[in-house]
Asks: 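Just passing along the structure, written as structure tokens.
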Protein chains: 2
Amino acid sequence: MKQSCLAPSEIESRLKAAGVQPTAQRIAIARYVLCEADHPTAEQVKSWADANFPKMSMATVYNTLNALVDAGLLKKHAFPHLNEATYDDNITEHYHLLDEKTGRVFDLDPADVKVTTKLKGVRIKEVDVFIRGSRA
Amino acid sequence: MKQSCLAPSEIESRLKAAGVQPTAQRIAIARYVLCEADHPTAEQVKSWADANFPKMSMATVYNTLNALVDAGLLKKHAFPHLNEATYDDNITEHYHLLDEKTGRVFDLDPADVKVTTKLKGVRIKEVDVFIRGSRA
DNA sequence: ATATAGGTCTTGAATCATTCTAAACAATAA
DNA sequence: TTATTGTTTAGAATGATTCAAGACCTATAT
């Protein structure tokens with residue numbers, strides 16, 4: 001489900017294009033969340049950074065993730081089964097499946113999950129669907 | 001949307017029937033959340049208690065709400081737009097609409113919101129739908 | 001090159017929701 | 001009445017996240 005990893009220079013261009021100054025920390029985090037990670041939490045980003053970057057503070061992890069979300073490169077999800085946020089590089093419309101056997105979250109294509117409403121007098125802006133279940 | 005309020009004695013029976021010892025605090029909280037409140041947070045239950053019960057600690061509010069959830073009388077929701085949990089006396093299957101104009105959450109009848117999936121190899125246990133929008 | 005200005009990063013404190021702990025307090029059963 | 005068990009309480013502890021202040025860069029203009 002993950003595209004092959006982008007070079008730092010490509011990440012840099014993406015950050016610039018989105019109006020985010022490409023610092024070393026931001027490039028490292030962006031590369032990890034956009035290319036390597038799967039629905040990581042801030043804590044997981046920090047662990048990765050501790051192992052792969054000379055020195056990074058937790059505040060920088062949060063600042064950077066927030067900056068990437070604000071720039072539209074990342075989406076922040078608050079899943080009901082976790083008390084920490086997760087970050088998703090899939091910014092197209094999609095839903096989520098929690099496999100309760102493994103605790104892993106999978107993206108669901110809107111083609112596979114349709115929501116139809118009969119609501120009147122409601123202007124719908126966004127629909128979140130979160131399915132709990134288990135995969136065979 | 002709220003049924004007319006139940007007498008304390010009726011609440012007491014309901015608690016007993018659900019296997020929850022009916023203490024004064026539990027009856028008071030249960031009556032408030034089952035009859036009066038609308039998707040309250042623990043903080044709102046505490047505020048109500050401060051105004052309507054001689055003395056109640058925050059721990060008791062949380063303990064009681066958890067007990068009611070465990071007993072199946074209440075459902076706990078973690079909505080993505082709030083960082084605190086809300087409690088819902090509607091324990092039948094239903095979905096939620098956040099009116100972004102007012103911040104209020106409305107219950108949606110499953111008859112008005114249908115979710116159909118084409119997922120294969122997935123045993124679905126529960127589906128959460130959370131719609132953001134605004135009401136006319 | 002140099003200075004300046006404006007971001008950026010770090011540490012550590014602060015905040016907020018929630019749970020834990022230990023002690024005080026019923027209520028009940030023997 | 002005493003023992004047992006469950007409940008409530010105040011306050012400490014936890015965990016996620018944000019805030020604050022100063023140190024540190026880096027881009028640009030001179």
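Hydrogens, waters and symmetry mates are skipped; everything else that's a heavy atom, side chains included, is used.
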Asks: Quick check on D/dT8: is either OP1 or OP2 less than 4.0 Å from any side-chain nitrogen or oxygen of B/Thr23?
Replies: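 Looking at the OP1 and OP2 atoms of D/dT8, one of them is under 4.0 Å from a side-chain N or O of B/Thr23.
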Asks: If each of B/Met58 and B/Val20 is mapped to the nucleotide of DNA chain D with the nearest heavy atom, which maps nearer the 5' terminus, i.e. the 5' end?
Replies: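 Looking at DNA chain D, the more 5' nearest nucleotide goes with B/Val20.
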Asks: Among C/dT8, C/dT10, D/dT8, which nucleotide sits nearest the side chain of B/Thr60?
Replies: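 So the side chain of B/Thr60 is nearest to D/dT8.
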Asks: Taking only N and O in the side chain of A/Asn66, is any of them less than 4.0 Å away from OP1 or OP2 of D/dT18?
Replies: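 For D/dT18, OP1 or OP2 has a side-chain N or O of A/Asn66 closer than 4.0 Å.
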Asks: What's the CD-C1' distance between A/Glu84 and C/dC16, to the nearest Å?
Replies: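 After rounding, the reported distance stands at 16 Å.
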Asks: Using OP1 and OP2 only, check whether a side-chain N or O of B/Gln25 sits under 4.0 Å from D/dT8.
Replies: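 True: B/Gln25 side-chain N/O within range (under 4.0 Å) of D/dT8 OP1/OP2.
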Asks: Which heavy atom of B/Ala18 sits nearest to which heavy atom of B/Leu73, and what is that distance?
Replies: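 Closest approach of B/Ala18 to B/Leu73: CB-CD1, 3.8 Å.
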Asks: Going through the checks in order, is the salt bridge (charged side-chain N to carboxylate O under 4.0 Å, His left out) test met by B/Asp89 and B/Lys75?
Replies: CA-CA 6 Å; B/Asp89 63 294; B/Lys75 201 158 170 11; over 6 Å; no
Asks: B/Ala59 side chain: which of C/dC20, D/dT17, D/dT8 is closest?
Replies: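 The nucleotide sitting nearest to the side chain is C/dC20.
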Asks: Does A/Gln21 place a side-chain N or O at less than 4.0 Å from the phosphate oxygens OP1/OP2 of C/dT8?
Replies: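 The answer is yes; a side-chain N or O of A/Gln21 sits under 4.0 Å from OP1 or OP2.
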Asks: State which of D/dT9, C/dT10, D/dT7 makes the closest approach to the side chain of B/Met56.
Replies: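 The listed nucleotide nearest to B/Met56's side chain is D/dT9.
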Asks: Can you see if the side chain of B/Tyr62 gets near the phosphate of C/dT18 - specifically, an N or O under 4.0 Å from OP1 or OP2?
Replies: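 Affirmative; the distance criterion is met.
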Asks: Measure CZ/A/Arg26 against C1'/C/dT10 and give the value in whole Å, please.
Replies: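 Nearest whole value for this atom pair: 14 Å.
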Asks: Please write out which residues are connected to A/Phe130 in a hydrophobic cluster, directly or through intermediates, given that two of Ile, Leu, Val, Met, Phe, Trp, Tyr count as joined at side-chain heavy-atom separations below 4.5 angstrom.
Replies: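 Members alongside A/Phe130: A/Phe79, A/Leu98, A/Val105.
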Asks: For B/Asn63 and C/dT19, what is the distance between atoms CG and P respectively, to the nearest whole Å?
Replies: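 The distance from CG of B/Asn63 to P of C/dT19 comes to 9 Å, rounded to the nearest Å.
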Asks: Would you say B/Lys46 reaches C/dC16's phosphate, i.e. side-chain N/O to OP1/OP2 under 4.0 Å?
Replies: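 It does not, given that no N or O in the side chain of B/Lys46 lies less than 4.0 Å from OP1 or OP2 of C/dC16.
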Asks: What is the distance, to the nearest angstrom, from the NZ atom on B/Lys55 to the C1' atom on C/dA26?
Replies: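 Taking NZ of B/Lys55 and C1' of C/dA26, I get 15 Å after rounding.
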Asks: Just to be sure I understand the rule, does A/Ser57 reach a base, reach only the sugar-phosphate, or reach nothing, if contact means heavy atoms closer than 4.0 Å?
Replies: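 Base, at least one base heavy atom under 4.0 Å.
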Asks: What does B/Glu43 touch in the nucleic acid at a heavy-atom separation under 4.0 angstrom: a base, only the sugar-phosphate, or nothing?
Replies: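 The answer is nothing, as B/Glu43 stays clear of every strand by at least 4.0 Å.
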Asks: Can you check whether A/Leu108's main-chain N or O pairs, donor with acceptor, with A/Asp112's side chain at less than 3.5 Å?
Replies: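 No; zero donor-acceptor contacts below 3.5 Å.
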Asks: B/Arg31 and B/Glu36: salt bridge (charged side-chain N to carboxylate O under 4.0 Å, His left out), yes or no, with the steps?
Replies: CA-CA 7 Å; B/Arg31 193 169 187 232; B/Glu36 218 176 303; over 6 Å; no
